[in-house]
Amino acid sequence: MHLPNSSEIEITTFFLIGMPGLEHAHVWISVPICLMYLVAILGNCTILFVIRTEPSLHAPMYCFLSMLAVSDLGLSFSSLPTMLRIFVFNATGISPNACFAQEFFIHGFTDMESSVLLVMSFDRFLAIRNPLRYSSILTSARVAKMGLVFLIKSMLLVLPFPFTLKRLTYCRKSLLSHSYCLHQDVRKLACSGNTVNFFYGFFLALCMTSESVLIAVSYVFIPKMVMGIGSHRQQLKALNTCVSHICAALIFYVPIIALASMHRFGKHKSPMAMILIADAFLLVPPLMNPIVYCVKTQQIREKVLEKLGLQQQCQ
């Protein structure tokens with residue numbers, strides 16, 4: 001093999017992994033995976049369509065839900081190509097540049113979803129604490145600007161990843177640990193110094209951890225504020241508006257924290273457990289968020305049923 005200098009890539013192909021030991025069943029495994037992707041994409045597109053076409057849903061809460069759906073779609077489309085290639089065609093090879101591009105979009109939309117979940121907790125906090133000033137503080141213009149800021153911030157924050165990874169030399173191993181490319185996974189394949197990648201990856205993980213902590217703190221104060229509301233019925237109504245968001249936050253953060261912990265601290269980790277958690281991290285949130293919000297949010301549920309022509313039948 002031609003050995004270029006240290007700024008070039010010596011390994012020309014990385015290899016992703018499906019289900020170790022179950023390669024013969026990849027075609028069958030692809031069926032539920034494809035169904036999950038299909039439901040996730042249709043569900044999030046439905047949420048976006050309903051919110052876009054219903055003037056009654058043009059409120060900050062539903063605008064933030066639209067941003068959540070966009071980030072879920074981004075995660076789905078970012079991982080879909082390699083997942084289908086592996087499980088449908090048993091094609092595990094991926095070029096380094098394609099791998100770097102994929103991890104950029106996966107980490108970018110992951111950070112965007114984390115930011116949206118944080119601002120959604122702030123939205124519920126503000127709606128319960130200052131209901132009279134809520135609409136004047138969170139205007140449509142401010143919500144649109146916040147969405148644009150989230151997108152730019154998320155993309156700029158992970159922009160160094162592909163460039164810092166491209167500068168490394170890959171000459172030891174070429175087998176990755178998942179069905180798609182993650183920064184911490186690719187970084188471990190490098191045989192040249194990658195201190196910058198390690199600390200910048202740690203910084204990004206710290207940013208997302210701080211957002212999860214702020215979400216948890218907001219939901220420590222929200223129940224205290226709810227208890228100050230007059231009637232028991234009003235208290236239940238206020239808490240019910242938070243249930244969907246709490247579920248979405250748990251669905252998103254539990255797999256990602258578990259995966260990050262296993263990558264950084266797991267010495268005797270199970271490869272199959274890591275693969276399942278990694279796949280759940282990208283498959284479950286986009287799949288479950290539309291279901292949770294349709295089930296727990298009456299306005300969304302009614303409008304979706306109305307668009308499908310099922311509202312009168314259900315009544």
Side-chain angles (χ1 to χ4, degrees), residues 41 43-78 104-162 200 203-219 221-222 225 238 241-242 244-249 251-253 256 285-286 289-290 292-293 297 299-300 303:
I41 293 171
N44 284 289
C45 287
T46 300
I47 292 287
L48 289 172
F49 174 75
V50 169
I51 293 175
R52 175 69 179 83
T53 56
E54 286 294 332
S56 62
L57 299 180
H58 293 176
M61 173 182 174
Y62 303 110
C63 292
F64 293 134
L65 179 55
S66 296
M67 297 178 196
L68 187 67
V70 169
S71 60
D72 281 336
L73 285 172
L75 282 175
S76 294
F77 285 119
S78 297
F104 166 75
F105 286 109
I106 287 177
H107 287 288
F109 283 111
T110 298
D111 183 80
M112 180 178 175
E113 180 147 348
S114 180
S115 299
V116 172
L117 288 171
L118 174 61
V119 80
M120 289 176 79
S121 67
F122 170 74
D123 170 75
R124 292 300 86 207
F125 179 87
L126 183 63
I128 295 173
R129 182 178 176 84
N130 293 305
L132 298 179
R133 298 184 57 199
Y134 172 72
S135 58
S136 62
I137 295 175
L138 286 179
T139 61
S140 299
R142 285 178 180 171
V143 171
K145 290 178 182 178
M146 290 171 71
L148 183 60
V149 168
F150 292 155
L151 179 61
I152 295 174
K153 185 267 294 184
S154 298
M155 295 303 150
L156 288 180
L157 196 61
V158 300
L159 186 60
F161 278 169
Y200 193 77
F203 167 73
L204 184 60
L206 192 63
C207 291
M208 293 190 62
T209 301
S210 64
E211 290 177 340
S212 66
V213 170
L214 290 174
I215 292 173
V217 169
S218 70
Y219 279 101
F221 288 103
I222 284 177
M225 293 188 299
T241 62
C242 303
S244 300
H245 180 260
I246 294 174
C247 292
I251 290 170
F252 176 75
Y253 282 110
I256 196 172
N289 284 341
V292 168
Y293 277 96
T297 307
Q299 294 89 335
I300 293 290
K303 295 302 180 182

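Atoms considered below: every heavy atom in the structure, side chains included; atoms not considered: hydrogens, waters and symmetry mates. Numbering starts at 1 and runs along the sequence shown.
Expressed to the nearest 0.5 Å, how far CG of L117 lies from CE of M67 amounts to 12.5 Å. Note that CG of L214 is 11.0 Å distant from OG1 of T209, once rounded to the nearest 0.5 Å. The OH atom of Y134 sits 3.5 Å away from the CG atom of D123 when rounded to the nearest 0.5 Å. Rounding to the nearest 0.5 Å gives a distance of 8.0 Å between NE2 of H245 and CG of L68. L118 contributes atom CG, which lies 7.0 Å from atom CZ of F150 (distance to the nearest 0.5 angstrom). In this structure, CG on N289 lies 7.0 Å from CG on N44, to the nearest 0.5 angstrom.
Counting only heavy atoms from C-beta outward, the side chains of M61 and L65 never approach each other to under 4.5 Å. Put simply, the side chain of I106 does not reach to within 4.5 Å of the side chain of V158, judged on heavy atoms. At a threshold of 4.5 Å between non-hydrogen side-chain atoms, the residues F252 and S114 count as touching. With contacts defined as side-chain heavy-atom distances shorter than 4.5 Å, the pair M208/T110 qualifies. In this structure, the side chains of I41 and F77 come closer than 4.5 Å at one or more pairs of heavy atoms. Residues I256 and E113 fail the side-chain proximity criterion, which asks for heavy atoms closer than 4.5 Å. Residues E54 and Y62 form no side-chain contact, since every pair of their non-hydrogen atoms from C-beta on lies 4.5 Å or further apart. Side-chain contact check for L48 versus L73: some heavy-atom pair is nearer than 4.5 Å.
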Verify side-chain contact (heavy atoms from CB on, under 4.5 Å) between L138 and F64, making sure each step is shown before the conclusion.
CA-CA 11 Å; L138 286 179; F64 293 134; 4.2 Å; yes

Evaluate side-chain contact (heavy atoms from CB on, under 4.5 Å) for M155 paired with L151, printing each intermediate quantity in order.
CA-CA 6 Å; M155 295 303 150; L151 179 61; 4.1 Å; yes

Under the side-chain contact (heavy atoms from CB on, under 4.5 Å) criterion, do L157 and F203 qualify, and how do the steps go?
CA-CA 10 Å; L157 196 61; F203 167 73; 3.9 Å; yes

Applying side-chain contact (heavy atoms from CB on, under 4.5 Å), run through K303 and S56 and close with a yes or a no.
CA-CA 10 Å; K303 295 302 180 182; S56 62; 3.6 Å; yes

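Between L57 and I51, the shortest heavy-atom contact is O-CG2, 3.9 Å. Between P162 and F104, the shortest heavy-atom distance links the atoms CG-CB, 3.7 Å. In terms of heavy atoms, Y253 sits closest to S212 at CE2-CB, 3.6 Å. Residues Y293 and S244 approach most closely at CE2-CB, 3.5 Å, considering heavy atoms. Between Y219 and S121, the closest heavy-atom pair is CE1-CB, 3.7 Å. Contact between P286 and S76 at its shortest, heavy atoms only, is CB-OG, 3.4 Å.
Screening residues 128-156 for salt bridge (Lys or Arg N to Asp or Glu O under 4.0 Å), with sequence neighbours left out, gives D111-K153, K153-E211. Evaluation of the salt bridge (Lys or Arg N to Asp or Glu O under 4.0 Å) test over residues 59-78, restricted to residues two or more places apart or in two chains, returns none.
The backbone N or O of M112 sits less than 3.5 Å from a side-chain atom of S154, completing a donor-acceptor pair.
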